[in-house]
Amino acid sequence: MYADIIIDITHEKLDKVFQYRVPEELEGDLRTGAGVIVPFGRGNRETKGYIVGFSETCDYDAEKIKNILRTDTSSVMIEARLVALAAWMKENYGGTMIQALKTVLPIKRTEQQKEQRILKRCISREAGEKKLEEYLHKNQKARARLMAALLDDEEVEYSLISQKLNITLTVVRALEEQGVLKIKNHKIYRNPVKEKEQQRHFITYTEEQERAIRTFENDYKKGIRKTYLLYGVTGSGKTEVYMEMIRQVVKEKRQAIVLIPEIALTYQTVMRFYRTFGERVSIMNSRLSAGERYDQMMRAKKGEIDVMIGPRSALFTPFPSLGLIVIDEEHEAAYKSEQVPRYHARETAIERASLEGASVVLGSATPSMEAFYRCELGEYTLLELKRRTAKAELPEVYTVDMREELQKGNRSILSDRLHELMEDRLKKKEQIILFLNRRGYAGFLSCRSCGYVVKCPHCDVSLATHNNGKMVCHYCGYEETVAKKCPSCGSPHIGGFRAGTQQIEELVKKEFPQARVLRMDLDTTRSKEGHEKILSAFANEEADILVGTQMIVKGHDFPNVTLVGVLAADMSLYSDDFRSAERTFELLTQAAGRAGRGKKKGEVVIQTYSPEHYSIQTAARQDYQAFYTEEMNYRELMGYPPAEHLMAVLVACEDEALLEKGMHYLKLYAMRITKNRKVQVIGPAAPAVGKVKDVYRKVLYLKQESYEILIEMKDKMEQYIELNRGFAKMRIQFDFDPMSGF
Ligand code: ADP
Ligand code: ZN
Ligand code: ZN
């Protein structure tokens with residue numbers, strides 16, 4: 001028996017695996033992930049290593065292979081637990097142990113440390129307030145935002161300000177010249193907030209918040225560790241609840257991780273955590289260099305912080321005594337990794353929590369089908385916040401049937417209602433967002449007269465039009481020729497929805513020549529600051545109308561926006577993906593939430609060809625429960641997650657013919673091993689994008705109720721792939737319960 005071992009895993013040598021012999025006396029004791037002591041290097045220095053796999057044969061001269069000395073008794077170490085988590089990830093999501101380890105372990109890279117800029121207010125509070133008034137008076141909104149932040153906290157970190165408040169260096173320099181602030185450089189980031197406890201404002205929790213907090217607290221004190229789902233609309237006080245739970249965990253000398261999607265990690269949110277937990281908080285974001293990330297991780301390991309806030313990767317913060325993992329906006333697709341191992345942060349968090357005796361709190365205004373389903377099964381505990389704490393009213397939502405617009409002779413992209421309301425807002429000098437729902441756009445075909453959408457007869461997902469005149473199912477490969485007439489009503493007005501953000505921008509400019517229009521999409525945000533420039537210009541009210549794709553509906557608050565128009569709400573509905581209704585519901589709910597954030601009440605117009613679809617109706621009513629019930633019926637009927645599990649085998653290859661052949665054999669093999677197990681094998685099919693940079697792609701789906709059986713299938717297929725050299729030129733990945741197309 002031989003073991004593959006990784007030495008000194010916290011450093012850069014991760015890529016290399018060394019083989020050692022397992023001595024007989026240790027044979028029963030060792031598992032993947034276990035820490036061991038081995039002789040290493042020429043001097044045979046006793047070194048710590050981790051087992052990442054076993055084999056019966058050795059790849060080297062058996063004479064030269066050294067023995068493992070003993071198991072490492074100090075393996076209560078944090079790394080050992082993360083290695084065990086990596087082993088679980090490899091098992092549950094596929095890929096190699098090295099790939100899994102690289103995901104969970106902070107790796108030291110020698111790198112120049114970036115300097116951190118701190119902005120310090122150097123005028124008194126009173127003088128600052130005067131300045132603030134002056135900026136507001138002169139309509140210098142960016143300066144006003146910066147001044148307001150400096151009044152809240154005497155010192156703020158520049159990167160946070162620039163990212164989250166959309167403030168440019170020019171603005172900072174201007175205030176510096178006026179003697180309002182000083183720019184200081186810090187080598188190591190220190191949290192600027194000092195008088196933490198004084199700044200905390202005490203609030204009286206609502207009854208609902210109180211109940212959620214007590215439930216958690218009582219369990220926690222009794223040593224019960226669970227997964228909770230905190231379900232409550234935006235503004236219902238979820239963040240306050242998380243912070244109270246964290247406070248209780250920290251009181252017991254344990255630490256907490258808070259996952260927030262990068263796009264929702266707003267300045268305000270981060271500052272709330274800073275004010276509550278002061279120096280003991282750290283944040284992680286994609287702008288940190290690898291070196292900075294490593295430093296943050298080491299601070300956590302040394303016990304210098306109690307709370308880590310960040311996107312998906314912050315889940316692997318090496319805290320010595322983890323007590324709680326919070327996942328805010330748990331429904332976000334960004335929680336699924338698109339790299340091997342293709343892990344989901346929710347499931348992985350639950351596994352990590354169970355390995356380390358911690359609890360998990362998931363939070364959302366539109367919980368994922370998975371999370372709500374687990375609540376129904378009794379696996380998670382549901383905590384609900386039904387009411388908003390603030391006075392902000394929910395917006396008024398109108399649904400417009402675009403088929404009727406066509407009948408009335410209106411062929412424009414804008415319905416009469418939306419047009420009217422836009423005129424009204426322009427007159428009142430309030431702002432408008434036009435949201436073009438292009439998510440998952442795959443060129444589906446729909447009828448503008450009756451709303452009929454051409455679907456796959458086998459999969460109940462829409463067919464995508466291809467350039468060769470065919471409509472294709474991306475799940476099973478079914479195809480037919482493109483229809484010229486609507487198969488349902490015979491109308492010739494059948495086609496794809498082709499308008500892009502650019503056409504909409506042009507149209508709006510033509511119809512409202514006096515309006516100032518900004519556009520935000522992939523084209524206008526390609527440059528590094530493009531994204532922020534547009535958002536800050538809109539926040540500064542330099543434009544009346546913002547036209548954009550889904551990137552504008554998340555996380556940003558524009559208090560002067562009182563009208564949101566959703567164009568082509570159906571677009572995401574008929575993407576070729578079983579989650580399309582769920583995404584539509586989420587997007588519409590979020591888009592609606594953009595209107596009326598300030599004191600004025602907002603209105604939302606949803607334009608659609610399928611007003612009768614449940615995802616649109618329930619979103620317009622903001623009725624999650626009704627949506628869930630309908631959607632779950634569909635998932636159960638079709639056997640899609642969370643009712644059953646779906647494993648995608650994604651294969652990429654430069655040689656198309658070879659790929660075809662490989663898929664053929666892979667499918668035969670899959671059919672053979674699944675024969676007696678009621679596993680459905682679907683495909684091979686071309687994914688939404690069939691070729692990327694001259695590499696062809698195909699996908700095979702396996703469907704089964706039991707995840708364990710799918711894992712078995714994956715293990716067997718991995719072995720089969722490894723044993724057959726024909727697959728050497730193909731890149732093969734597994735994706736469990738996929739969140740998006742390949
Ligand atoms: P969510 O995270 O659900 O969007 P937040 O926790 O951000 O909600 O709360 C929304 C706003 O209401 C915040 O400004 C917060 O400080 C405030 N708030 C929350 N709970 C209370 C409460 N019990 N009393 C007063 N204000 C509250
Ligand atoms: Zn029709
Ligand atoms: Zn199909």
Side-chain angles (χ1 to χ4, degrees), residues 200-213 230-246 258 260 264-266 268-273 275-276 326-330 361-367 383-392 402-403 406-407 442 444-464 471-480 483-495 554-555 557 576-578 589-590 593 597 609-610 638-640 680 682-687 699 701 703:
R200 222 186 103 200
H201 61 290
F202 286 89
I203 56 172
T204 319
Y205 295 119
T206 63
E207 223 171 277
E208 290 179 328
Q209 285 173 318
E210 192 74 30
R211 196 172 322 126
I213 292 163
L230 182 59
Y231 160 46
V233 294
T234 316
S236 60
K238 295 189 294 297
T239 308
E240 294 294 338
V241 173
Y242 304 146
M243 290 199 291
E244 184 59 46
M245 289 167 168
I246 293 168
V258 182
I260 298 181
L265 244 177
T266 60
Q268 283 83 0
T269 307
V270 170
M271 286 322 273
R272 277 167 78 184
F273 279 92
R275 289 202 191 96
T276 310
V326 172
I327 305 185
D328 192 29
E329 312 275 0
E330 64 80 30
V361 174
L362 311 169
S364 176
T366 51
L383 307 171
E384 242 181 301
L385 304 179
K386 293 205 175 88
R387 246 154 290 163
R388 281 198 164 183
T389 56
K391 296 240 163 51
M402 291 306 278
R403 297 169 303 186
L406 186 70
Q407 265 173 13
F444 68 90
L445 213 60
S446 69
C447 172
R448 291 187 68 183
S449 299
C450 77
Y452 179 84
V453 171
V454 186
K455 288 187 167 188
C456 172
H458 310 293
C459 306
D460 200 30
V461 297
S462 55
L463 296 178
M471 297 184 291
V472 184
C473 172
H474 288 153
Y475 275 82
C476 72
Y478 170 88
E479 51 175 63
E480 57 181 74
K484 299 264 184 306
K485 280 192 314 193
C486 172
S488 171
C489 76
S491 157
H493 296 293
I494 186 160
K554 283 183 191 161
D557 271 352
D576 58 339
D577 176 350
F578 70 89
T589 309
Q590 273 167 4
R597 281 300 175 106
Y609 289 97
S610 21
M638 298 303 296
Y640 286 132
Q680 218 180 321
I682 309 163
V699 56
Y701 291 98
K703 219 196 261 179

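Both ligands and their constituent atoms are indexed starting at 1 by order of listing. This chain uses plain numbering: 1 for the first residue, then up along the sequence.
- With Arg403 contributing its side chain and Cys450 its backbone, the two residues share a donor-acceptor pair below 3.5 Å.
- Considering Lys238, Arg272, Glu210, Glu240 only, the shortest heavy-atom separation from atom 7 (O) of ligand 1 involves Arg272.
- The aromatic rings of Tyr478 and His458 sit perpendicular, their planes meeting at an angle over 60°, well past the 30° parallel limit.
- At under 3.5 Å, a nitrogen or oxygen of Gly237, whether backbone or side chain, sits near a nitrogen or oxygen of ligand 1.
- With ligand atoms numbered from 1 in the order given, ligand 1 contributes 23 (N) to contacts under 4.0 Å with heavy atoms of Thr206.
- Residue Val233 comes nearest to Ala365 through the heavy atom pair CA-CB, 3.8 Å, listed as atom of the first residue, atom of the second, then distance.
- Heavy-atom distances between Ser236 and ligand 1 reach below 4.0 Å in at least one pair.
- Listed by chain and number, the residues in a side chain to side chain contact (heavy atoms under 4.5 Å, CB included) with Val270 are Leu160, Leu265, Tyr274, Ile283 (sequence neighbours excluded).
- Within the 3.5 Å criterion, the main-chain N or O of Lys386 finds a donor-acceptor partner in the side chain of Glu208.
- Taking a cut-off of under 4.0 Å to the non-hydrogen atoms of Val233, the atoms of ligand 1 that pass are 3 (O).
- The distance from atom CZ of Arg448 to atom OH of Tyr609, rounded to the nearest 0.5 Å, is 3.5 Å.
- Between Cys450 atom SG and Cys489 atom SG, the angle centred on the Zn ion (ligand 2) amounts to 110° (nearest 10°).
- In Val241, neither the side chain nor the backbone holds a heavy atom less than 4.0 Å from any atom of ligand 1.
- Atoms of ligand 1 lying under 4.0 Å from any heavy atom of Thr204, numbered from 1 in the order shown and given with element: 22 (C), 23 (N), 24 (N).
- Inspection of the environment of the Zn ion (ligand 3) yields the following protein N, O or S atoms under 2.8 Å: Cys456 SG, Cys459 SG, Cys473 SG, Cys476 SG.
- Near Tyr205, meaning under 4.0 Å from any of its heavy atoms, are these atoms of ligand 1: 23 (N).
- Here Ile203 has side-chain heavy atoms under 4.0 Å from ligand 1, and that is the only part of it that gets that close.
- No side-chain donor from either of Tyr205 and Glu240 sits under 3.5 Å from a side-chain acceptor of the other.
- Taking the salt bridge (Lys or Arg N to Asp or Glu O under 4.0 Å) definition, one finds that Glu329 meets it with nothing, sequence neighbours left out.
- Of the inter-residue distances, the one linking Tyr640 atom OH with Asp577 atom CG reads 9.0 Å to the nearest 0.5 angstrom.
- Look at Glu384 and Arg211 and you find no salt bridge, because none of the NZ, NE, NH1 or NH2 atoms lies under 4.0 Å from a carboxylate O.
- The Zn ion (ligand 2) lies at 2.8 Å or more from every N, O or S atom belonging to His493.
- For Lys455, the salt bridge (Lys or Arg N to Asp or Glu O under 4.0 Å) partners are Asp460, not counting sequence neighbours.
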